[in-house]
Amino acid sequence: MYDNSVALMQEMRSAGIEYRSDTPLEDDNLIDTIRVGWQGSNLPRTVVLMRVNDRGAHLEAELGTLAPGVRSDALELMNALNSDYRWLKFSFDETGVVACTSDIFLVPEVAGLFGMAALGRMFDTLNEVYPRIREVLA
């Protein structure tokens, strides 16, 4: 497991943030995966996957599937959200799965601070925008 993953998990544990690591500490893989779940006043229980390597982390959360016949409205919404919240990327794939992603620089010395800040920013933003996203979900 990467040093930045270990540092991030130590800081989350100290802050009382519950998480689950899919990667054993002694694993020598290419990507570590840490899962953090949260539910907000507008956002149903959502899990963010943090995929960590030696240089940074990719955060991703699936938000649901598009309802039939709303692709063009959903595309306009995703573009508007991407304009308003440029630190996150909102998209949907060919199967209609709506996702939110973010990439962050993550070195061991600041992994806890940057990682928790990125998680907080993502969850706060998702809680804020979810009522708009819900309108295009099945």
Side-chain angles (χ1 to χ4, degrees):
M1 180 172 271
Y2 293 108
D3 291 341
N4 52 0
S5 297
V6 173
L8 174 60
M9 289 187 299
Q10 287 172 342
E11 289 294 322
M12 287 193 305
R13 190 177 314 110
S14 294
I17 298 172
E18 292 184 25
Y19 67 89
R20 187 180 93 209
S21 173
D22 293 350
T23 309
L25 282 174
E26 64 281 347
D27 199 339
D28 230 4
N29 61 336
L30 298 176
I31 296 177
D32 300 335
T33 301
I34 301 167
R35 299 171 184 268
V36 180
W38 186 74
Q39 177 177 333
S41 57
N42 297 316
L43 183 68
R45 178 87 175 149
T46 302
V47 173
V48 171
L49 297 178
M50 298 184 76
R51 301 193 188 277
V52 183
N53 65 16
D54 61 338
R55 294 171 304 225
H58 175 77
L59 284 67
E60 59 187 66
E62 288 188 5
L63 304 172
T65 304
L66 292 178
V70 299
R71 287 183 86 79
S72 63
D73 291 339
L75 185 57
E76 286 183 31
L77 174 60
M78 299 300 128
N79 286 337
L81 293 174
N82 287 332
S83 176
D84 294 342
Y85 303 95
R86 66 181 186 271
W87 53 88
L88 298 173
K89 178 183 172 193
F90 294 88
S91 61
F92 58 88
D93 65 16
E94 62 280 346
T95 64
V97 173
V98 177
C100 178
T101 61
S102 180
D103 292 314
I104 59 170
F105 183 63
L106 199 66
V107 294
E109 297 79 17
V110 295
L113 177 66
F114 281 28
M116 289 190 301
L119 274 171
R121 182 175 55 208
M122 180 176 270
F123 280 129
D124 285 347
T125 302
L126 290 175
N127 191 53
E128 182 179 319
V129 303
Y130 190 76
R132 294 169 62 191
I133 294 172
R134 185 176 43 228
E135 293 177 8
V136 298
L137 297 179

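- When the side chains of ILVMFWY residues are joined at heavy-atom separations under 4.5 Å, either directly or via intervening members, Ile31 and Phe105 end up in two distinct hydrophobic clusters.
- The shortest heavy-atom contact between Met1 and Pro24 is CB-O, 3.9 Å.
- Side chains of Val98 and Leu137 form a contact here, defined as non-hydrogen atoms less than 4.5 Å apart.
- Hydrophobic clustering places Val52 together with Met9 (ILVMFWY residues linked when any side-chain heavy atoms are closer than 4.5 Å, directly or through intermediates).
- Taking hydrophobic clusters as Ile, Leu, Val, Met, Phe, Trp and Tyr residues chained together by side-chain heavy-atom distances below 4.5 Å, Leu43 shares a cluster with Ile17.
- Criterion: ILVMFWY side-chain heavy atoms under 4.5 Å apart, direct or through other members. Under it, Val36 and Tyr2 are not part of a common hydrophobic cluster.
- In terms of heavy-atom proximity, Phe92 sits nearest to Leu75 at CE2-N, 3.7 Å.
- Atoms CZ and CG, from Phe90 and Asn82 in turn, are 7.0 Å apart once rounded to the nearest 0.5 Å.
- Counting heavy atoms of neighbouring residues, nucleotides and ligands inside a 6.0 Å radius, atom CG of Asn79 exceeds 12 of them.
- Distance CZ/Phe123 to CD/Gln39: 11.0 Å, rounded to 0.5 Å.
- To the nearest 0.5 Å, the span separating CZ on Arg55 from CG on Leu106 amounts to 12.0 Å.
- Shown here for Arg132 and Ala80, the closest heavy-atom pair between the two residues is NH2-CB, 4.1 Å.
- Taken from CG in Leu126 to OG1 in Thr46, the straight-line distance is 6.5 Å, to the nearest 0.5 Å.
- Considering only heavy atoms from C-beta on, Tyr85 stays 4.5 Å or farther from Cys100 through its side chain.
- Contact check for Leu30 versus Asn53: no side-chain heavy atoms found under the 4.5 Å cut-off.
- Pairing each heavy atom of Ala74 with each of Leu66, the nearest pair is CB-CD2, 3.5 Å.
- Distance CE/Met50 to CG/Asp22: 13.0 Å, rounded to 0.5 Å.
- Taken to the nearest 0.5 Å, the OG atom of Ser72 stands 11.5 Å off from the CG atom of Leu77.
- Shortest non-hydrogen contact noted between Leu88 and Arg121 is CD1-O, 4.5 Å.
- Across Asn4 and Val107, no two heavy atoms sit closer than the pair CB-C, 3.9 Å.
- Other members of the hydrophobic cluster containing Val47, listed by chain and number, are Leu49; membership follows side-chain contacts under 4.5 Å among ILVMFWY residues, whether direct or relayed.
- The side-chain contact (heavy atoms from CB on, under 4.5 Å) test with Leu63 is passed by exactly one of Val136, Val97, Ile133, Val129: Ile133.
- Using a 4.5 Å cut-off on side-chain heavy atoms (C-beta onward), Met12 and Leu8 make contact.
- The closest side-chain heavy-atom distance from Glu60 to Val48 is not below 4.5 Å.
- Salt-bridge check for Arg51 with Asp32: failed, with every basic side-chain N at 4.0 Å or more from each acidic carboxylate O.
- Shown here are the side chain to side chain donor-acceptor pair (under 3.5 Å) partners of Arg71, two or more places apart in sequence or in another chain: there are none.
- A donor-acceptor contact shorter than 3.5 Å is absent between the side chain of Asn42 and the backbone of Tyr130.
- Contact of the Ser91 side chain with the Met78 side chain is not registered, since no non-hydrogen atoms from C-beta on lie closer than 4.5 Å.
- Counting only heavy atoms from C-beta outward, the side chains of Leu119 and Tyr19 never approach each other to under 4.5 Å.
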